[in-house]
Protein chains: 2
Amino acid sequence: MVTLKQIAEELGISITTVSKALKEYPDVSKKTRKLVRETAAMLNYKPNSFAVNLRTKESKTIGLIIPEIVHHFFSSVIKGIISQAEKKGYLVITLQSNESYELEKKQIDLLISKRVDGILISLANGTADYKHISEVLNQETPLVMFDKIAKAIKCSKVTIDDRKAAYKATQYLIDIGCKRIAHFRGPLLPQNSIDRFLGYKQALTDNNIIYDPTLVYLLNKMSFDEGKFYANQLLKDHNDVDGIFINTDLVAIGAISEFNNQGIKVPEQINVIGFSNWFMASVISPSLTTINQPGFEIGKKAFKLLYKEIKDRKKKKIINYKNIVLETDLIVRESTV
Amino acid sequence: MVTLKQIAEELGISITTVSKALKEYPDVSKKTRKLVRETAAMLNYKPNSFAVNLRTKESKTIGLIIPEIVHHFFSSVIKGIISQAEKKGYLVITLQSNESYELEKKQIDLLISKRVDGILISLANGTADYKHISEVLNQETPLVMFDKIAKAIKCSKVTIDDRKAAYKATQYLIDIGCKRIAHFRGPLLPQNSIDRFLGYKQALTDNNIIYDPTLVYLLNKMSFDEGKFYANQLLKDHNDVDGIFINTDLVAIGAISEFNNQGIKVPEQINVIGFSNWFMASVISPSLTTINQPGFEIGKKAFKLLYKEIKDRKKKKIINYKNIVLETDLIVRESTV
DNA sequence: CGATTTTCCGAAAACGTTTTCGATTAAGAT
DNA sequence: ATCTTAATCGAAAACGTTTTCGGAAAATCG
């Protein structure tokens, strides 16, 4: 591995001059600059990033913690983050919390130890207290949250308006004539499922439909099988339901599968709307009407915010945290009339 | 940020002793070791990894280059790699080549510049020459390939036996009574689609079924829509096909969708087998019979090989490259009788 | 031609570790 | 008491870069 020293010896000049020449300092003559550049290229010189890091105190690396990698939405986010980071010369270290608070804590520690320049995180479902996050903030390490956030923490965030999106979905069901609209909701944590439930409820009351709690089913694992299970349950409990807004595409697909099996026609007998717009939703039949959750965009925006904060901190600027809320679209497909 | 120096001053001993105490050197007394440990903990000391890297010449970080992140198989691989790496104290930097040779080259350069301890890579479809890979190997940087590999390169590899898997799939179609079996194959690069085609062909001839080239369709983008398109084409060209082995689940799902639309019963009229076992395959209807490509396992094994090579190189051991070929299973579902 | 400015270069310190090797002290042996 | 050995510590070099600051040489000016 060739070093500045070797280039210096090769040319009979000092290390200092070589270093400055390569960084285009104005106080080294154009002639030597060129000379240094050429021999550096010839020797295939690559700066030792360990030394650079030590000297400059930054690694041009950020950490990313997500609950689950094998997941259409999150992998889209990762892609958005990485694509944007690469443009700015940043590399990203990805970690998976597996929805576990304990792991999340360890991983934050790991990243801090590695001295990443910043952290991007979507909280695990299991995370209820935020000491580990506060510590990061105290250490002056930039951090931005996305999707599954903690409202109480003072930092930049990028999310969608779950409540509004859910409202939009429910309103659509109402608009196409549904009178009895059920909802499969998620657990009490994270906030997202609460907001989606609230949006659903709000849409009902705004349209003078009385909210019936028995039409709301609380799922825990949010799996395909749970979708099937509760679809079956729903059919037993209520024979008059004509529309259903479901917290997650995967569950919705499970429900549709169950409806198919039982000979219930979607959308003729029951209209189904999912949430997230997983790729899957477009290829099943009937294809699923759903809310598009722009993962790639969320990732890009999250990185941009983090990048700005890193830069601002370096310039000792005061940083004002932003709260970006991305728009969601209702994507109408075959599961609604 | 607290350093060794600060701990040393706090205790009135030398930096050397502090460092050695923390690393449990036997030449520092148990008493001081304990003392140092305690004050280090009290001051919340975290070694500066930049300095450690510089000194030890290793970063405990590996690079990972994959063609596409938003992809069930690859994200499973990532998960496998990260989970295993974490256990061994390694962090992983993920990059996406987007199936582009140029990008792949740049990213390899980037990782080398960052001085990762090793590289894991699945080649882009666009890569035909391997100079960039050879360079890595020349630099003595451990590298292992997985899934989309270059047979010509001397390094460890982990793959599945595409040919055998395809043979298995085709044989199954024959076993359940199919007489006219079509195949949707992938492009000429990477090797995988060739091998799968070869496996298909072999199974036919081994069963005394004459190979009919008009039953093989070469797709390029391997998309859902292409699946639909060629399914339609197949129906026009041949009315006697009773089974089809398709290179990729996504295409297979497209084909099934087209068959559904045209009122062709799967599996009664046409049996369909896919490849990869994307999650999607289990939730569509009819659910898809397919070959399970164990992404998570591939990732784990790939990291383990890389890890071993990193260790061996440090010990100046001679390294013998391994070629791990993982078993695949045929997962029978509703798309075959 | 002397004075002043500009241009160009390099010495040296610093970043925070790790590790070698020699020094000092304490303990044990004679 | 002296000598040997073991136990404990620290000085210093090294990893490869960046950057400050001062100095020498060259160019400009009066």
Side-chain angles (χ1 to χ4, degrees), chain A residues 1-37 39-40 43-61 89 112-117 139-141 314-316, chain B residues 1-37 39-40 43-61 89 112-117 139-140 314-315:
Chain A
M1 283 278 97
V2 25
T3 67
L4 288 184
K5 195 175 171 188
Q6 291 172 44
I7 300 178
E9 279 168 3
E10 179 83 14
L11 293 173
I13 59 179
S14 76
I15 294 176
T16 308
T17 307
V18 176
S19 172
K20 287 199 281 197
L22 288 174
K23 311 199 87 197
E24 296 293 329
Y25 272 53
D27 73 341
V28 21
S29 71
K30 294 219 166 121
K31 206 192 294 177
T32 22
R33 287 217 287 255
K34 186 157 174 283
L35 202 63
V36 170
R37 267 204 312 272
T39 53
L43 297 176
N44 192 23
Y45 168 76
K46 300 228 174 90
N48 182 321
S49 68
F50 299 157
V52 176
N53 291 348
L54 178 59
R55 200 32 238 242
T56 63
K57 295 179 182 310
E58 55 174 20
S59 59
K60 293 278 185 183
T61 298
I112 293 291
S113 286
K114 271 281 164 180
R115 281 174 161 70
V116 291
D117 296 343
Q139 300 234 357
E140 306 276 289
T141 302
K314 248 178 99 176
K315 292 184 208 148
K316 309 273 178 203
Chain B
M1 282 280 97
V2 23
T3 66
L4 289 183
K5 196 175 168 189
Q6 290 173 42
I7 300 178
E9 279 167 3
E10 180 82 14
L11 294 173
I13 59 179
S14 77
I15 294 176
T16 308
T17 307
V18 176
S19 171
K20 288 199 280 197
L22 289 174
K23 311 199 85 196
E24 296 293 331
Y25 271 52
D27 73 340
V28 20
S29 71
K30 294 224 168 116
K31 206 193 293 177
T32 24
R33 287 218 286 256
K34 184 155 175 284
L35 203 62
V36 170
R37 268 204 312 272
T39 53
L43 298 176
N44 192 24
Y45 167 76
K46 300 228 174 86
N48 182 322
S49 67
F50 300 156
V52 177
N53 291 349
L54 179 59
R55 201 32 238 243
T56 62
K57 293 177 183 310
E58 56 173 21
S59 59
K60 293 279 186 181
T61 298
I112 294 292
S113 286
K114 271 281 164 178
R115 284 182 163 58
V116 291
D117 296 344
Q139 300 234 356
E140 307 275 288
K314 250 179 98 175
K315 291 185 208 148

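The basis for the numbers below is simple: all heavy atoms, side chains too, and nothing from hydrogens, waters or symmetry mates.
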(message) Return whichever of B/Asp27 or B/Val2 has its heavy-atom-nearest nucleotide of DNA chain C closer to the 5' end.
(response) B/Val2

(request) Just call it for A/Lys23: base, sugar-phosphate, or nothing, with non-hydrogen atoms closer than 4.0 Å on any strand. (result) sugar-phosphate

(message) Any heavy-atom pair between the side chains of A/Leu11 and A/Val36 that's under 4.5 Å?
(response) yes

(request) Could you tell me the separation between the OG1 atom of B/Thr32 and the CD1 atom of B/Ile13, rounded to the nearest 0.5 Å? (result) 6.5 Å

(request) For the residue pair A/Thr3 and A/Asn48, establish whether any side-chain heavy-atom pair is separated by less than 4.5 Å. (result) no

(request) Take the protein atom NZ of A/Lys31 and the nucleotide atom P of D/dA26, then report the distance between them rounded to whole Å. (result) 12 Å

(request) Identify whether any heavy atom of A/Asn48 sits under 4.0 Å from a base atom; if not, whether one sits that close to sugar-phosphate; answer base, sugar-phosphate or nothing. (result) sugar-phosphate

(request) Choose from D/dC9, D/dT18, C/dT18 the nucleotide whose nearest atom is closest to any side-chain atom of B/Lys20. (result) D/dC9

(request) For the side chain of A/Thr32, starting at C-beta, report the closest nucleotide among D/dA13, D/dG16, C/dC9. (result) C/dC9

(request) With heavy atoms under 4.0 Å as the rule, sort B/Phe50 into base, sugar-phosphate or nothing. (result) nothing

(message) Categorize A/Thr3 for me: base, sugar-phosphate, or nothing, with a 4.0 angstrom heavy-atom threshold over every strand shown.
(response) sugar-phosphate

(message) Side chain of B/Leu54 only, heavy atoms from C-beta on: which candidate in D/dT18, D/dT19, D/dC15 is closest?
(response) D/dC15

(message) Please report the distance, rounded to the nearest Å, between NZ in A/Lys46 and P in D/dG16.
(response) 16 Å

(message) Expressed as a whole number of angstroms, how long is the span from A/Lys5:NZ to C/dG10:P?
(response) 16 Å

(message) Let's see if you can work this out: which of C/dG10, C/dT17, D/dC9 has an atom nearest to the side-chain heavy atoms of B/Val28?
(response) D/dC9

(request) Name the closest nucleotide to the B/Ile15 side chain, picking from C/dT17, D/dT17, C/dC8. (result) C/dT17

(message) Taking donor-acceptor contacts at under 3.5 Å, does the side chain of A/Lys57 reach the base of C/dG16?
(response) no

(message) Do A/Thr39 and A/Tyr45 make a side-chain contact, defined as non-hydrogen atoms from C-beta onward lying under 4.5 Å apart?
(response) no

(request) Considering just the side-chain nitrogens and oxygens of B/Tyr45, establish if one lies under 4.0 Å of OP1 or OP2 belonging to C/dT17. (result) yes

(request) Calculate, to the nearest 0.5 Å, the distance between atoms CZ and CZ belonging to B/Phe50 and A/Arg55 respectively. (result) 13.5 Å

(message) How many whole angstroms separate atom CD of A/Glu58 from atom C1' of D/dT17?
(response) 14 Å

(message) What is the distance, to the nearest angstrom, from the NZ atom on A/Lys30 to the P atom on C/dC9?
(response) 13 Å

(message) Whole angstroms only, please: what is the CG-C1' distance between B/Leu35 and D/dT8?
(response) 15 Å

(request) Answer yes or no: is there a side-chain heavy-atom contact under 4.5 Å between A/Gln139 and B/Met1? (result) yes

(request) State whether the distance check finds a donor on one side and an acceptor on the other, under 3.5 Å, for side chain A/Asn53 versus base C/dC15. (result) no

(request) Using a 4.0 Å heavy-atom cut-off across all strands, classify A/Thr16 as base, sugar-phosphate, or nothing. (result) base

(message) Do B/Thr61 and A/Thr61 have side chains that approach each other closer than 4.5 Å (heavy atoms only, starting at C-beta)?
(response) no

(request) Could you tell me whether A/Ser19 contacts a base, only the sugar-phosphate backbone, or nothing, with contacts defined as non-hydrogen atoms closer than 4.0 Å? (result) base

(request) Would you indicate whether the side-chain heavy atoms of B/Arg37 and B/Glu24 approach each other to under 4.5 Å? (result) yes

(message) Please report the end-to-end axis angle for the helix from C/dC1-D/dG30 to C/dT30-D/dA1, five pairs per end, rounded to 10 degrees.
(response) 50°

(request) To the nearest Å, give me how far apart CG (B/Leu11) and C1' (D/dC9) are. (result) 14 Å

(message) If you only use heavy atoms from C-beta on, which nucleotide in C/dG16, C/dC15, D/dT8 is closest to the side chain of B/Arg55?
(response) C/dG16

(request) Would you mind reading off the distance between B/Ile7 atom CD1 and C/dG16 atom C1', rounded to a whole angstrom? (result) 12 Å

